[in-house]
Visitor: 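So that we are looking at the same thing, I have put the structure below in structure tokens.
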Amino acid sequence: MNNGKLCVSVCAETAAELTQQIERAEDLADVIEIRFDCLNENELDSALQKISRLNSKKSLLATFRPKSKWAEFFFGKVIDKEVLEKKNSAFRERINLWNKVLSLRKIDFLDFEDDLFIGFMMSDIFENDILQKREIIFSYHNFEGVPNNLRQTYEDFSSAEEFNVKCDIIKIATQTDDVTDTIEIWKLLKQAEQENKNLIPIAMGEAGKWTRILGLAHGAFMTYAALDAGKETASGQITAQDLIETYRVKELDERTEIYGILGNPVSHSLSPYIHNAAFKFHNLNAVFVPFEVKNLDEFITKFIRHETREVELNFKGFSVTIPHKQAIIKHLDFVDETAEKIGAVNTVKIARGKLYGYNTDAEGFIEPLKNTCGELKNLKVAVLGSGGAARACIYALQQAEAKVTIFARDIEKAKVLADEFQASFSDLKSEISDFKFFDIVINATPLGTIGGLENQTPVTADQIKTAHLAYDLVYNPFETRFLREAKSAGVPTVGGLAMLISQAMAQFKIWTELDAPMKEMSRAALGKLQP
Ligand code: NAP
């Protein structure tokens, strides 16, 4: 457990919609942030009236993010009064708006953008006792990236008292593009913890999601959440439901064991849902977090290796996905035999500072196949594709003594792979390939995946009508075009979800030495899949 707050941000153009959102946020939030800047101009008075009538039991936070700032953030330095005067009307407009909002007694927190700090330094712009009754957040946002002088911004806010400005909480939010961009902001959190300051550190963007999940456990004052998926008020924001149910953010603490998926992209991954469901089932103090990693070498150096790391997190293991499954190998202290033969690692366990690599794709792939077909010895199997997943399939099929033929659009790649595994190979040209001599046809290409490839299939019903089984590794959507083709030809099918769960169960066992709860893991994944 930690003491951090979960703040649900609501943003609507009309007063009616806004109050509906506040009511819906009530069950999820400790604090509800009302983004007054989202409202149409003529809706403000009506919104204030409606909010004053609400029977909210949660703390309310008022925020107004201006489209442009009234002045650059430069307090602590010489203030150019001429600049201030020229922009005075914009400043007045903001103050008028705030005065209206401040008339609402229900508001507990106020979020002032950094430029207002200058106004506060120059004069008493609001009545003092109005501010005394509220918690004041001063916030700095940078939507371009992490500036070199981020620490100075924190120091400036920290010295608010010297300028006679009330600042109870500091919020610093910067855009990040790679997981290593988040380090500076995390270091500020550690500094704030030591200095006993309230900080809300936010690394925006996909790469910063982990800071939103782990922040509260490491002393962040608050983390922000979206009310609905697709309605995020900042990039990388996670829904309140996911933060509470999937990541259990308020239950985490500094001792929580951290697992995660390393890849790029990782936003589509179901692994956080699957593994967190298993941690929850076993009531473990552990969490599984997405890490969007572009530069793997830097991630290992700055986050993992004891001697060089800049961030202290209690990492215990990883899932590794595209494009790092091969590149991770050089960072490992030990690689198990299966992973070495496949040439790819999808699972890393960290124990006593050492990194151990495994591949559970092969086991995850073959389990559902054996459950459906039983003995695979001497069955003729066509594997479509010659990428990382195909390698795991070929390895596992050969271990089971099946006879494998690799079909790839790039015949050279097919040949190289076939030579390595001593398998047969052929050209995957949908109009000419014929699978009538095969018992099992496996799609190990991304064709059929949700998005641009969804309506595609590597083979048609006519081409596989004589097969005994069609197995698609693609798991989203649940029923792919390839599976529909097979079904329409009367061929039994296995979808990719079975492998996804099976390989995740093997990972869970490696990490925790506990039995993985299949039902809970499958249910968590199914809830997020397209039908
Ligand atoms: P990968 O390493 O990128 O390999 C993809 C393979 O598909 C390559 O051989 C590629 O050919 C081929 N390919 C791509 N587009 C194609 C097209 N339009 N026509 C024909 N072939 C095409 O990816 P991977 O890791 O092997 O993954 C492949 C699929 O399996 C993905 O959809 C992934 O989500 C799925 N998968 C599922 C699970 C599971 O648990 N269910 C596990 C792992 C992977 P080129 O080399 O010529 O580009």
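Just so it is clear, the values below take in all heavy atoms, side chains as well, and ignore hydrogens, waters and symmetry mates.
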Visitor: Measuring centre to centre across the rings, with the benzene-like ring taken for any Trp, is Y259 within less than 6.0 Å of F288?
Guide: no
Visitor: Got a sec, which residues hit side chain to side chain donor-acceptor pair (under 3.5 Å) with E363, two or more places apart in sequence or on another chain?
Guide: none
Visitor: I'd like to know if K187 pairs up with E184 as an ion pair, taking the criterion as any Lys NZ or Arg NE/NH1/NH2 lying under 4.0 Å from an Asp or Glu carboxylate oxygen.
Guide: yes
Visitor: Applying side-chain contact (heavy atoms from CB on, under 4.5 Å), can you list everything that pairs with A327, at least two apart in sequence or on another chain?
Guide: L296
Visitor: Does F508 have its ring centroid less than 6.0 Å away from the ring centroid of H282?
Guide: yes
Visitor: Looking only at the side chains, is there a donor atom on one of Y273 and D242 sitting less than 3.5 Å from an acceptor on the other?
Guide: yes
Visitor: Determine whether the aromatic ring centres of W210 and F303 lie less than 6.0 Å apart.
Guide: yes
Visitor: Is the F291-F299 ring centre distance short of 6.0 angstrom?
Guide: yes
Visitor: Tell me the salt bridge (Lys or Arg N to Asp or Glu O under 4.0 Å) pairs involving residues 6-25, sequence neighbours left out?
Guide: R24-D228
Visitor: Can you tell if the side chain of L384 reaches within under 4.5 Å of the side chain of I442, non-hydrogen atoms only?
Guide: no
Visitor: Go through the side-chain N and O atoms of T347 and Q507 and say whether any donor and acceptor fall under 3.5 Å apart.
Guide: yes
Visitor: Does the structure place the NZ or CZ of K171 under 6.0 Å from the centre of the six-membered ring of Y224, at an angle of no more than 45° from the ring's axis?
Guide: yes
Visitor: Between K349 and E513, does any NZ, NE, NH1 or NH2 come within less than 4.0 Å of an OD or OE carboxylate oxygen?
Guide: yes
